[in-house]
Each structure stands twice: as structure tokens, then as C-alpha cells.
Amino acid sequence: MSAINDSKTSAGTQKPSFRTPDAQGYYGKFGGAYIPEMLHRNVEELRTRYLEIMHSPAFKKEYQNLLRDYVGRPTPLYLARRLSAQYHTEIFLKREDLCHTGAHKVNNTVGQILLAERLGKRRIIAETGAGQHGVATATVCALKGLECIVFMGEKDIARQAPNVARMKMLGAKVIPATSGSKTLKDATNEAIRDWINNPNDTHYIIGSVVGPHPYPDMVARFQSVISEEIRTQLKRETGEELPTHVIACVGGGSNAAGAFYHFLDEESVELIAVEAAGHGLTSGMSAATTQLGRPGVLHGSKSLVMQTADGQVVEPHSISAGLDYPGIGPLHAHLYESGRATFLNATDEEALRAAFGLAKLEGIIPALESAHALAALDQLSLNEKDRVVICLSGRGDKDLATYMHAMEGGL
Ligand SMILES: *Cc1c(COP(=O)(O)O)cnc(C)c1O
């Protein structure tokens with residue numbers, strides 16, 4: 001079986017698949033490629049080549065070997081007995097936290113570096129906010145001996161020192177974005193400018209299911225290994241291939257897209273996406289894009305975007321850096337609008353409590369992002385017949401300072 005297989009269709013369904021966008025990259029009314037003229041050549045090259053490359057046997061073999069021997073896949077599907085007892089149901093954790101570099105992001109960067117090689121690109125650029133995607137990119141560039149340039153807001157460089165150090169140790173060059181708010185969106189602008197100026201030798205690795213077509217589809221396919229493994233593992237554990245619920249947190253939406261992918265066209269499976277409510281939906285400090293956003297264009301695709309009445313992008317807030325994003329991938333905007341997935345949200349405080357709860361119940365310290373998915377358990381009415389899979393997107397080492405602060409505050 002292939003991690004990037006799109007040929008599987010669910011038996012008897014004639015409806016269009018939720019999995020793949022149309023030829024222009026639209027999921028329903030969201031997606032597309034809204035890019036400056038100067039980027040057309042780069043994006044068009046990627047669009048015409050990505051499927052052919054991803055489906056070639058040599059690519060699949062190298063990708064699968066690296067996922068196994070370098071990333072450490074398959075990641076376990078772990079039956080969390082004490083957590084299950086607390087919610088009177090059966091809960092499995094998909095352990096993306098055990099991936100090399102500590103999160104699911106590397107599934108995508110490994111895929112894109114192999115793609116870049118086959119496109120003849122020797123120079124890799126990326127943008128990063130908290131630094132997690134920058135680290136995952138720097139990692140695979142070291143693996144392949146490719147030049148790596150990571151754009152990062154000056155403000156983020158100052159507040160994410162450990163990840164900056166990791167990137168540098170891995171051989172990447174970290175370039176500060178000094179314009180605007182000196183954060184992620186300014187870093188993105190710098191990366192786009194660089195790509196325009198270096199169209200021949202450079203590939204731009206985007207870290208989530210966002211950006212112009214074909215990025216959302218390409219990243220979803222690379223992350224789909226998560227749900228492919230869940231199906232096999234669940235079948236082996238329980239005799240049933242399908243869970244009743246799949247729960248994942250959503251920043252841009254890549255771990256959720258990967259965890260949902262092979263269940264998108266299985267109507268019996270309830271898909272639950274959990275956004276960051278920050279201090280609360282009405283607090284003005286939130287990142288729950290489906291609840292607060294309107295249709296708009298952000299980072300090259302049409303999706304839901306948190307914006308003011310006159311279309312200015314609103315600065316989001318979440319305690320977890322990975323969910324602190326004012327948009328959402330177009331696939332998820334479509335899952336929301338069509339009702340295929342349920343969108344819940346958890347506050348900073350609820351996520352913190354869920355993280356401390358899992359640590360004590362199961363001996364697993366989750367990433368703060370993943371803790372949002374765990375917090376959603378309190379909002380569902382589950383019973384003993386349910387088989388719930390939660391995507392544990394990453395581990396909590398990177399969040400220790402926040403957890404220490406929370407313990408000082410009495411949690
Ligand atoms: C980056 C990150 C996320 C959010 O990104 P998605 O694209 O929504 O998956 C979630 N969890 C962890 C651990 C992350 O590092």
C-alpha cells in the first residue's frame with residue numbers, strides 16, 4: 001500500500017470525494033492559486049509535476065524507506081486505558097509525538113525534499129513562526145545536503161531561541177524578517193520574494209495544508225500516511241478498520257488532514273477538528289478561524305480568514321504557537337461549510353488542563369497543540385461502544401516553559 005495513494009475509493013459511493021480538489025485546486029468554493037504573476041512559473045512547474053513524481057515507484061520507495069528508518073514510522077496506535085476509563089469509552093492515541101523531531105511535520109518535509117531533488121532544486125527556503133516547521137525543514141536539508149534558508153520574524157527569533165539554535169546547528173541560515181509586525185506573515189512575504197528572485201534552483205517548502213494549489217493537496221497526501229496507518233492498526237487491534245470518531249487539532253490543518261484523509265469519504269466516521277479559542281471566542285484573543293473568519297484570500301488560496309470589516313488580517317492568539325494562525329487550509333474550510341467535519345474549540349486554559357491530565361493518566365506529555373484535541377473529549381458525549389482516535393500531533397518538550405509557568409500559577 002502506498003502512503004500517497006489516491007486510487008482508493010469507498011465502496012458504492014458515487015459522490016465526489018472530499019479528498020481531492022478539482023483541477024484548479026478548489027475544495028468546494030475554497031482553494032485555488034492566488035499568486036503574483038512573477039510566481040506563476042514556479043507554482044506551475046510544481047502543479048504539473050507533483051503527482052507524476054509522487055506516484056513514481058522510485059519516489060514511493062525512497063519516501064517509504066525514509067519514513068520507516070529516519071522518521072520512525074509506523075508510529076504506534078496506542079490504546080490509552082486510563083484515559084479511556086475516565087471517559088467511559090475506548091480511546092486510541094496516534095503517536096505522532098514519537099516521530100523524529102517530535103511531531104508530524106517531518107512527514108511532509110521528507111516528502112517535499114525528495115520532490116525538490118527530483119525537480120533539480122538544490123536550494124530550499126521555508127518560513128516559520130514558532131520554528132517547528134523551520135526545524136523540520138532544516139533537518140531534511142541536512143539529511144540531503146541541500147542549502148537551507150529559513151525566514152523568521154525578528155520578534156519570533158527573539159522569543160523562540162531554542163528552535164533558532166536547532167536550525168543553526170542543523171546547518172540552516174535563519175534570516176530575520178524585519179518589516180511589519182516582524183512575525184510569521186512578514187517571514188512569509190520574505191520567502192515569497194526570495195522565490196520570485198530564485199525561480200530556477202529553489203523550492204519553497206510550505207509546512208501545512210495552506211498556500212496556493214498544489215500545496216494543500218500535496219501536503220495532505222504526504223500527511224495521509226497517518227490515517228493509512230490508523231486503518232491498518234485499528235483493524236489489527238479491534239477487528240474494525242473504522243473508528244467512530246477521529247479528533248485532531250487544527251492550526252493550518254496538516255495533522256488533521258492526515259488523520260482524516262482515509263476517512264473523509266467514510267460517512268460513518270465522525271471527524272472532529274479542534275481550533276484554539278485562546279482566551280475565549282469573544283475575547284478578541286483567539287485563533288478559532290472557522291468561528292470568527294470570513295471568506296478571503298490568505299497566503300495564496302481562498303479560505304476562511306480572521307479579518308476586520310475592511311479585510312485587514314486580524315492578529316490571532318493561542319497559547320500554542322502551532323495553532324496561532326489567522327487562516328485555515330481550504331480543505332478544512334470546505335469540511336466546515338459542508339458540515340462533513342465538526343469544528344470545536346478549546347481555550348488556552350482547557351488545553352493546559354488536558355495536557356496535565358494526560359501526563360498524569362498516561363505518562364505522556366503532549367504538545368500544547370495536541371492538548372487542544374484532548375480537551376475536546378469534555379465536549380463530546382461518548383459511550384463504551386465508541387472507538388475514538390486522537391491524533392497526538394507532537395510531544396511537549398518544546399512547551400516545558402509554558403507548563404512550568406502554569407504550575408507556578410497553581411495548575
Ligand atoms: C505545527 C503543529 C501543529 C499545527 O499545524 P497543523 O498544520 O494544523 O497540523 C499541531 N501540532 C504540532 C505538534 C505542531 O508542531
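Both counts, for ligands and for their atoms, begin at 1 and track the order of listing.
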Numbering the atoms of ligand 1 from 1, which are under 4.0 Å from a heavy atom of Cys249?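 Per the distance check, 10 (C).
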
Closer than 4.0 Å to some heavy atom of Gly251 - which atoms of ligand 1 meet that?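 Numbered from 1, ligand 1 contributes 8 (O).
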
Would you check if Val305 and Val297 make a side-chain contact, meaning some heavy-atom pair closer than 4.5 Å?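 Heavy-atom side-chain distance check fails, nothing below 4.5 Å.
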
Look at ligand 1 and say whether His104 reaches it with a heavy atom at a distance under 4.0 Å.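 Yes.
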
Indicate, as side chain, backbone, both or neither, the part of [X] found under 4.0 angstrom from ligand 1 when only non-hydrogen atoms are considered.
| X | result |
| --- | --- |
| Val250 | backbone |
| His133 | neither |
| Glu96 | neither |
| Ser254 | both |

Ring centres of Tyr27 and Phe18 under 6.0 Å apart?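 For Tyr27 and Phe18, the ring centres are not under 6.0 Å apart.
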
Do the two ring centres, one from His245 and one from Phe263, sit under 6.0 Å apart?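 That pair fails the under 6.0 Å test.
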
Considering both backbone and side-chain atoms of Gly253, is one of its nitrogen or oxygen atoms within less than 3.5 Å of a nitrogen or oxygen in ligand 1?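 The answer is yes, given that Gly253 and ligand 1 share an N or O pair closer than 3.5 Å.
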
For ligand 1, which is the ligand I care about here, please tell me if Ser393 has any N or O atom under 3.5 Å from one of the ligand's N or O atoms.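 Looking only at distances, the answer is yes, because the N/O contact criterion of under 3.5 Å is met.
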
State which residue, out of Thr137, Thr101, Asn163, Val106, fulfils the side chain to side chain contact (heavy atoms under 4.5 Å, CB included) condition with Gln132.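 Single side chain to side chain contact (heavy atoms under 4.5 Å, CB included) partner of Gln132 among Thr137, Thr101, Asn163, Val106: Asn163.
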
